[in-house]
Amino acid sequence: MTDVSPELLAQRKRAAAAPRRAVLADAPVVSRTLARSFATDPVVDWFVRDDARREKALDQWFDFAVKKLGLPGREVWMSDDSSAVALWIPPPQDTMQLSIVDEVAAIPMFLSVVSFQRLGRMQRLRAAFDANHPKAPHWYLFFLAVDPDCQGQGLGSAILKSTLDAIDAKHEAAYLEASSEKNVPLYLRHGFEIVSEFRPEPTGPKLWGMWRKPR
Ligand SMILES: CC(C)(COP(=O)(O)OP(=O)(O)OC[C@H]1O[C@@H](n2cnc3c(N)ncnc32)[C@H](O)[C@@H]1OP(=O)(O)O)[C@@H](O)C(=O)NCCC(=O)NCCS
């Protein structure tokens with residue numbers, strides 16, 4: 001974590017509380033925030049390749065997630081300075097679904113991100129996500145991220161609250177998987193409840209499926 005002045009932090013917090021929809025031109029900075037913040041995430045750590053090409057792989061994966069999964073649904077929200085990001089997949093899709101054509105086209109990207117050795121991990125992870133995904137319609141929080149320089153200062157809570165307020169205005173449900181135990185209290189505070197606990201394989205990382213009833 002580098003030093004960020006209190007004034008800059010306050011400014012970033014205000015920006016996170018009033019996010020805007022990201023557009024294609026924002027994709028590089030949104031992906032960068034995701035790649036930086038998820039670099040130490042236990043699940044990402046488990047499936048992304050673990051060699052000299054890891055940093056590039058993280059950029060590649062989040063670039064794909066933003067452009068192919070987030071932006072088409074028009075629910076990628078960002079603080080104007082991109083230090084806080086929330087990528088929602090709205091109903092009725094609400095999962096990481098790709099058409100057969102996109103799935104085939106994505107094979108070289110997946111291989112490059114995870115490496116041949118970890119391809120099985122990626123497949124087991126996707127199967128575990130699918131098996132535990134709720135059937136009822138909901139908004140799916142695919143990624144929430146705050147730049148590592150600003151974590152623990154309320155930015156994540158601010159962008160989460162703002163985007164949940166918009167979901168509450170539609171009286172719709174929300175779902176996410178918490179990928180580390182320290183994130184669970186954050187989501188409990190915002191009204192999510194734990195509905196499942198699972199691992200992609202017995203020695204793999206633990207995930208918490210969390211559901212938020214419509215309000
Ligand atoms: C999780 C994340 C979005 C939270 O945003 P934030 O601005 O750091 O969090 P806030 O300051 O609003 O709230 C703090 C709470 O977030 C959680 N938290 C998770 N990771 C944290 C971190 N690195 N630093 C501080 N709080 C963290 C804790 O529950 C914390 O509550 P506590 O202080 O009572 O322990 C952010 O820390 C992040 O991007 N982490 C890495 C990526 C990630 O894990 N994303 C979510 C995947 S489910």
Side-chain angles (χ1 to χ4, degrees), residues 1-4 6 8-19 22 29-48 54-55 57-59 61-63 65-66 69-70 75-89 94-96 125-126 128-129 132-134 138-165 167 174-200 204-212:
M1 176 157 168
T2 56
D3 275 343
V4 177
L8 184 54
L9 212 44
Q11 190 185 321
R12 288 185 169 177
K13 201 167 162 181
R14 281 195 299 276
V29 287
V30 170
S31 309
R32 195 68 205 127
T33 297
L34 287 166
R36 275 170 56 77
S37 67
F38 275 91
T40 53
D41 178 76
V43 174
V44 167
D45 192 44
W46 183 77
F47 81 85
V48 171
R54 183 181 161 86
E55 198 173 328
L58 285 168
D59 285 339
W61 164 237
F62 287 108
D63 180 66
V66 171
L69 303 171
E75 296 294 345
V76 179
W77 290 84
M78 62 182 286
S79 55
D80 210 28
D81 57 16
S82 74
S83 51
V85 168
L87 193 161
W88 288 93
I89 300 183
D94 72 35
T95 57
M96 182 193 141
L125 184 62
R126 289 183 70 181
F129 277 129
N132 287 280
H133 207 91
H138 60 273
W139 288 72
Y140 179 33
L141 183 55
F142 201 48
F143 294 121
L144 176 71
V146 168
D147 188 273
D149 287 348
C150 308
Q151 288 176 7
Q153 308 291 330
L155 274 71
S157 300
I159 195 166
L160 181 59
K161 180 179 182 315
S162 167
T163 49
L164 283 173
D165 284 349
I167 293 169
Y175 173 75
L176 59 85
E177 294 101 1
S179 55
S180 92
E181 193 158 16
K182 68 180 175 189
N183 293 339
V184 171
L186 168 72
Y187 297 129
L188 289 174
R189 281 199 289 271
H190 285 84
F192 287 85
E193 296 163 39
I194 298 173
V195 289
S196 62
E197 295 181 29
F198 59 95
R199 295 175 194 269
K206 186 169 173 184
L207 289 129
W208 291 260
M210 299 186 75
W211 178 259
R212 188 173 184 271

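Basis for what follows: all heavy atoms, side chains included, without hydrogens, waters or symmetry-related copies. Both ligands and their constituent atoms are indexed starting at 1 by order of listing. Everything quoted here is computed from the prediction, not taken from an experiment.
Scanning Q151, R12, R36 for the heavy atom closest to atom 22 (C) of ligand 1 points to Q151. Nearest-residue assignment for atom 6 (P) of ligand 1 (options G152, S180, A16, P185; heavy-atom criterion): G152. The option from R189, K182, E177 that lies nearest to atom 34 (O) of ligand 1, judged by heavy atoms, is R189.
For atom 11 (O) of ligand 1, the nearest protein heavy atom (residue, atom name, distance) is G154 N, 2.7 Å. For atom 4 (C) of ligand 1, the nearest protein heavy atom (residue, atom name, distance) is L186 CD2, 3.8 Å. At the top of the distance list for atom 18 (N) of ligand 1, counting protein heavy atoms only, stands N183 OD1, 3.8 Å. Among all protein heavy atoms, the one lying closest to atom 39 (O) of ligand 1 is V146 N, 2.8 Å.
Checked by atom type, the side-chain pair E177/Y187 shows no donor-acceptor distance below 3.5 Å. Using modelled atom types, one finds no donor on one side chain facing an acceptor on the other under 3.5 Å when comparing D147 with T33.
W139 CH2 to W88 CH2: the interatomic distance, rounded to the nearest 0.5 Å, is 8.5 Å. Rounding to the nearest 0.5 angstrom, the gap separating the CG atom in L125 from the CZ atom in R199 is 13.0 Å. Expressed to the nearest 0.5 Å, how far CZ of R36 lies from CG of D59 amounts to 11.0 Å.
Looking at ligand 1, you'll find an N or O of G156 within less than 3.5 Å of one of its N or O atoms. Residue-to-ligand polar distances keep C150 apart from ligand 1: every N/O pair is separated by 3.5 Å or more.
The two atoms that bring V48 and A57 nearest to each other are CG1-CB, 4.0 Å, heavy atoms only.
In E197, the CD atom is crowded: over 12 heavy atoms of neighbouring residues, nucleotides or ligands sit closer than 6.0 Å.
No donor-acceptor pair under 3.5 Å is formed between the side chain of S162 and the backbone N or O of A158. In this structure, Q151 contributes its side chain and V146 its backbone to a donor-acceptor pair below 3.5 Å.
For atom 46 (C) of ligand 1, a protein non-hydrogen atom is found at a distance below 4.0 Å. The presence of a protein heavy atom under 4.0 Å from atom 41 (C) of ligand 1 is confirmed.
Paired with D81 under the rule salt bridge (Lys or Arg N to Asp or Glu O under 4.0 Å), one option of R32, R12, R14 passes, and it is R12.
Close approach of ligand 1 to A145 is summarised as follows: ligand atoms under 4.0 Å from at least one heavy atom of the residue are 39 (O). Atoms of ligand 1 lying under 4.0 Å from any heavy atom of S179, numbered from 1 in the order shown and given with element: 47 (C), 48 (S). Close contacts between ligand 1 and S157 involve ligand atoms 10 (P), 12 (O), 13 (O) [criterion: under 4.0 Å to a heavy atom]. Interface of A178 with ligand 1, defined as ligand atoms under 4.0 Å from a residue heavy atom, comprises 48 (S). Heavy-atom proximity to L155, at under 4.0 Å, picks out these atoms of ligand 1: 7 (O), 12 (O).
Counting heavy atoms under 4.0 Å from ligand 1, residue Y187 touches it through the side chain alone.
If you look at F38 and F143, their ring centroids are closer than 6.0 Å.
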